[in-house]
Protein chains: 2
Amino acid sequence: MKRILAPINAETKRRRIAEFERRCREAGIPMTDQRRIVVEAVLDMHCHPTADQVYASSQVRRARISRATVYRSLESLVMLGVITKACHPGDVVRYDARLEPHHHLVCLECGEVVDIADPSITMTRLPDMSVFGFEVRDCRMQLRGVCRRCRRKEKKR
Amino acid sequence: MKRILAPINAETKRRRIAEFERRCREAGIPMTDQRRIVVEAVLDMHCHPTADQVYASSQVRRARISRATVYRSLESLVMLGVITKACHPGDVVRYDARLEPHHHLVCLECGEVVDIADPSITMTRLPDMSVFGFEVRDCRMQLRGVCRRCRRKEKKR
DNA sequence: ATACGTGCAAAGCGTTTGCATTTCT
DNA sequence: AGAAATGCAAACGCTTTGCACGTAT
């Protein structure tokens with residue numbers, strides 16, 4: 001059952017925010033309005049937003065936060081392990097709020113990345129890379145190719 | 001048999017350069033000294049060089065080429081399908097000269113990416129994603145975690 | 001009270017681009 | 001000869017940083 005992953009639902013969102021608050025307390029990092037704005041925004045946006053997209057989304061909500069703080073907050077979220085940096089082919093940093101195992105369809109033309117679930121390519125156990133002194137924390141399949149929209153464009157030419 | 005992939009050997013390099021020249025001819029793109037400099041440099045550098053690293057390497061060889069041309073040549077190599085853009089977590093574009101199937105160990109601390117071969121996680125057939133209108137061209141496993149060097153640093157703290 | 005976070009604007013850095021000149025086919 | 005690539009320098013866009021001020025613990 002391949003499927004494109006739906007946005008993070010309300011319940012998961014609540015749980016993730018609680019998790020974030022817990023980690024802040026553990027790390028002795030103060031909970032500020034701004035950090036809350038950023039976590040909420042990231043969890044609401046599906047598919048690997050850039051820092052600027054997170055900022056734009058916070059502006060739509062009329063939240064009081066500056067662009068610099070968005071960048072700083074995102075970095076602290078990564079440090080706390082609440083989100084990760086997504087591996088993209090482009091030159092802009094993108095973030096991934098989805099921590100559960102999933103895979104990526106990467107379009108080599110437009111750079112778009114889509115989250116998918118496909119048990120047939122999901123590993124039940126993380127491969128052991130200790131031979132290389134490497135500790136594996138997660139494992140994603142990157143399926144690179146051309147998306148529907150870009151294939152249409154190619155045909156027109 | 002997991003193993004870290006060795007640099008591209010002399011024979012493969014010759015073959016890849018010939019391939020590049022053929023594709024240039026087909027596409028009606030002139031073969032210039034500069035483009036030759038860039039292909040050679042990329043094939044000699046293992047592990048996902050940035051445009052600037054390619055430029056630096058060309059300077060070491062005392063080749064006559066400007067930084068802008070390195071950027072432009074790399075893009076044309078990607079367009080011709082001679083190399084691909086690597087999917088990295090960072091904010092700098094990195095290129096991948098290795099076209100044969102392989103996988104990546106990505107360090108979430110330092111961003112380093114290592115090419116590995118591991119038949120146990122190599123798929124003999126590309127998964128079918130046509131349900132999504134997506135045409136898969138290649139498929140890589142991304143094993144994300146912490147490398148030996150960064151684990152040492154963490155322990156010290 | 002103090003350490004840390006924030007906002008603003010400026011700096012930094014990788015990358016792209018306009019234009020005159022050179023080089024390839 | 002004509003089209004395309006190159007080099008240079010300036011422009012551009014994303015990200016980081018220094019500093020004065022505000023806020024959480």
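Below, read A as the first sequence line, B as the second, and so on, with proteins coming before strands; counting in each chain starts at 1.
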Peer 1: Within this structure, what is the CD-to-C1' distance between A/Q53 and D/dT15, rounded to whole angstrom?
Peer 2: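 These atoms are roughly 15 Å apart.
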Peer 1: Would you mind reading off the distance between A/E21 atom CD and D/dT25 atom C1', rounded to a whole angstrom?
Peer 2: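 That distance rounds to 15 Å.
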Peer 1: What string of B, S and - do you get for nucleotides 3-14 of chain D 5' to 3' if you count protein non-hydrogen atoms under 4.0 Å?
Peer 2: -SSBBB-----S
Peer 1: Which other residues end up in the same hydrophobic cluster as B/V93, if Ile, Leu, Val, Met, Phe, Trp and Tyr are linked when side-chain heavy atoms come under 4.5 Å apart?
Peer 2: B/I8, B/I17, B/F20, B/I29, B/M31, B/I37, B/V38, B/V39, B/V42, B/L43, B/M45, B/V54, B/Y55, B/I65, B/V70, B/L74, B/L77, B/V78, B/L80, B/V82, B/I83, B/Y95
Peer 1: Indicate yes or no: does A/R140 engage A/D115 in a salt bridge with an N to O separation below 4.0 Å.
Peer 2: no
Peer 1: Measure from CD on A/E75 to C1' on C/dG5 and round the result to the nearest Å.
Peer 2: 16 Å
Peer 1: Rounding to an integer number of Å, can you tell me how far B/Y55 OH sits from C/dT16 P?
Peer 2: 16 Å
Peer 1: Atom CZ of A/R25 and atom P of D/dT25: how far apart are they, to the nearest Å?
Peer 2: 10 Å
Peer 1: Does some side-chain heavy atom of B/T84 sit less than 4.5 Å from a side-chain heavy atom of B/R98?
Peer 2: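 B/R98 does not reach B/T84 side chain to side chain.
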Peer 1: Let me know the distance between NZ of A/K85 and C1' of D/dT15, rounded to the nearest Å.
Peer 2: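 In whole Å, D/dT15 C1' and A/K85 NZ are 10 Å from each other.
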Peer 1: Are any of the side-chain nitrogens in A/R22 or A/E26 under 4.0 Å away from the carboxylate oxygens of its partner?
Peer 2: yes
Peer 1: Per the side chain to side chain donor-acceptor pair (under 3.5 Å) rule, which among A/H88, A/E112, A/K85 passes with A/H48?
Peer 2: A/H88
Peer 1: Decide whether B/T50 and B/D52 meet the rule of one side-chain donor and one side-chain acceptor closer than 3.5 Å.
Peer 2: no
